[in-house]
Amino acid sequence: MKVIALGCDHAGFDLMQEVISYLQDNNIEFKNFGTYDKQSCDYPVFAGRVARSVLSGECERGVLICGTGIGITIAANRYKGIRAANCANVFMAKACREHNDANILGMGGRVIGTGTAIEILKAFLETEFSQGERHIRRINEMDDMENIEK
Ligand code: RB5
């Protein structure tokens with residue numbers, strides 16, 4: 001596993017510390033794009049930093065955490081080529097890798113507990129894209145949608 005990009009807002013800060021501990025304990029390299037304390041801040045800033053890092057290839061995948069996981073994944077998905085999935089259980093984390101080739105995991109610091117979050121993180125990091133023909137086709141269809149004039 002290459003480097004993991006991390007980003008959160010104030011509402012995701014505590015859970016992100018648990019994610020960082022897990023990555024350190026398991027010798028998984030990461031780059032922390034903030035936020036770095038619990039002062040109120042704007043989640044799109046951190047979503048943008050992580051999305052750009054994944055798109056540039058500096059980091060292989062990303063983890064984004066806000067209060068619900070919703071705003072920060074919506075923001076990341078504004079970037080072409082980002083497939084950010086907000087997951088609340090292990091089934092979703094596995095499926096977003098196998099079916100959607102998600103490159104960013106979103107989680108809600110106010111939604112799930114630490115134990116569940118770490119199981120979700122493990123599933124996201126350890127599950128590979130299935131390479132199924134129908135899944136590739138659907139991802140290509142989504143990529144095409146990015147180019148349609150709105
Ligand atoms: C911050 O209060 C909260 O709105 C944010 O963390 C997130 O849940 C937004 O989707």
Side-chain angles (χ1 to χ4, degrees), residues 1-26 28-127 129 135 138-139 141-150:
M1 175 66 59
K2 277 200 276 173
V3 187
I4 307 300
L6 305 181
C8 67
D9 72 356
H10 54 288
F13 180 80
D14 284 340
L15 183 55
M16 187 57 88
Q17 306 321 298
E18 305 292 341
V19 167
I20 289 172
S21 295
Y22 174 83
L23 296 176
Q24 285 171 335
D25 290 350
N26 289 278
I28 299 170
E29 218 183 317
F30 62 88
K31 188 160 182 194
N32 187 0
F33 288 94
T35 188
Y36 304 108
D37 58 38
K38 288 167 86 164
Q39 278 241 323
S40 181
C41 59
D42 298 336
Y43 57 80
V45 172
F46 307 98
R49 290 180 188 170
V50 166
R52 289 191 295 271
S53 167
V54 170
L55 289 174
S56 74
E58 175 190 37
C59 289
E60 185 183 355
R61 291 184 207 165
V63 177
L64 287 171
I65 309 177
C66 66
T68 57
I70 297 172
I72 208 158
T73 47
I74 290 176
N77 280 318
R78 298 293 176 96
Y79 285 78
K80 280 188 181 184
I82 290 298
R83 293 177 300 279
N86 187 25
C87 297
N89 58 49
V90 170
F91 175 78
M92 294 171 81
K94 278 189 179 169
C96 82
R97 289 288 311 132
E98 285 174 351
H99 291 207
N100 314 115
D101 197 15
N103 47 16
I104 292 182
L105 168 67
M107 293 191 287
R110 293 172 177 162
V111 178
I112 51 176
T114 302
T116 303
I118 298 304
E119 289 306 312
I120 289 171
L121 174 67
K122 275 167 66 175
F124 176 77
L125 295 179
E126 291 168 11
T127 306
F129 178 47
H135 298 308
R138 290 162 189 163
I139 289 169
E141 284 173 13
M142 288 193 284
D143 288 346
D144 287 345
M145 291 164 99
E146 287 176 333
N147 299 319
I148 294 169
E149 209 178 315
K150 296 179 185 85

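Every number for a ligand or one of its atoms is a count from 1 in the order of the listing.
- Tyr22 has its side chain within reach of Ile28: a pair of non-hydrogen atoms, C-beta onward, lies under 4.5 Å apart.
- Met107 places a side-chain heavy atom less than 4.5 Å from the side chain of Val63.
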Table of N or O contacts for ligand 1, cutoff 3.5 Å:
residue, atom, partner, partner atom, Å
ligand 1, 2 (O), Arg110, NH1, 3.3
ligand 1, 6 (O), Asp9, OD2, 2.6
ligand 1, 6 (O), Gly67, N, 2.8
ligand 1, 8 (O), Gly67, N, 3.3
ligand 1, 8 (O), Thr68, N, 3.0
ligand 1, 8 (O), Thr68, OG1, 3.2
ligand 1, 10 (O), Thr68, OG1, 3.3
ligand 1, 10 (O), Gly71, N, 2.9

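- Heavy-atom contacts from other residues, nucleotides or ligands closer than 6.0 Å to CG of Asp42 number 12 or fewer.
- In terms of heavy atoms, Phe46 sits closest to Leu64 at O-CD2, 3.8 Å.
- Environment of OH in Tyr36: crowded, with over 12 heavy atoms of neighbouring residues, nucleotides or ligands closer than 6.0 Å.
- Here the side chains of Arg97 and Lys94 are not in contact, with every heavy-atom distance at 4.5 Å or above.
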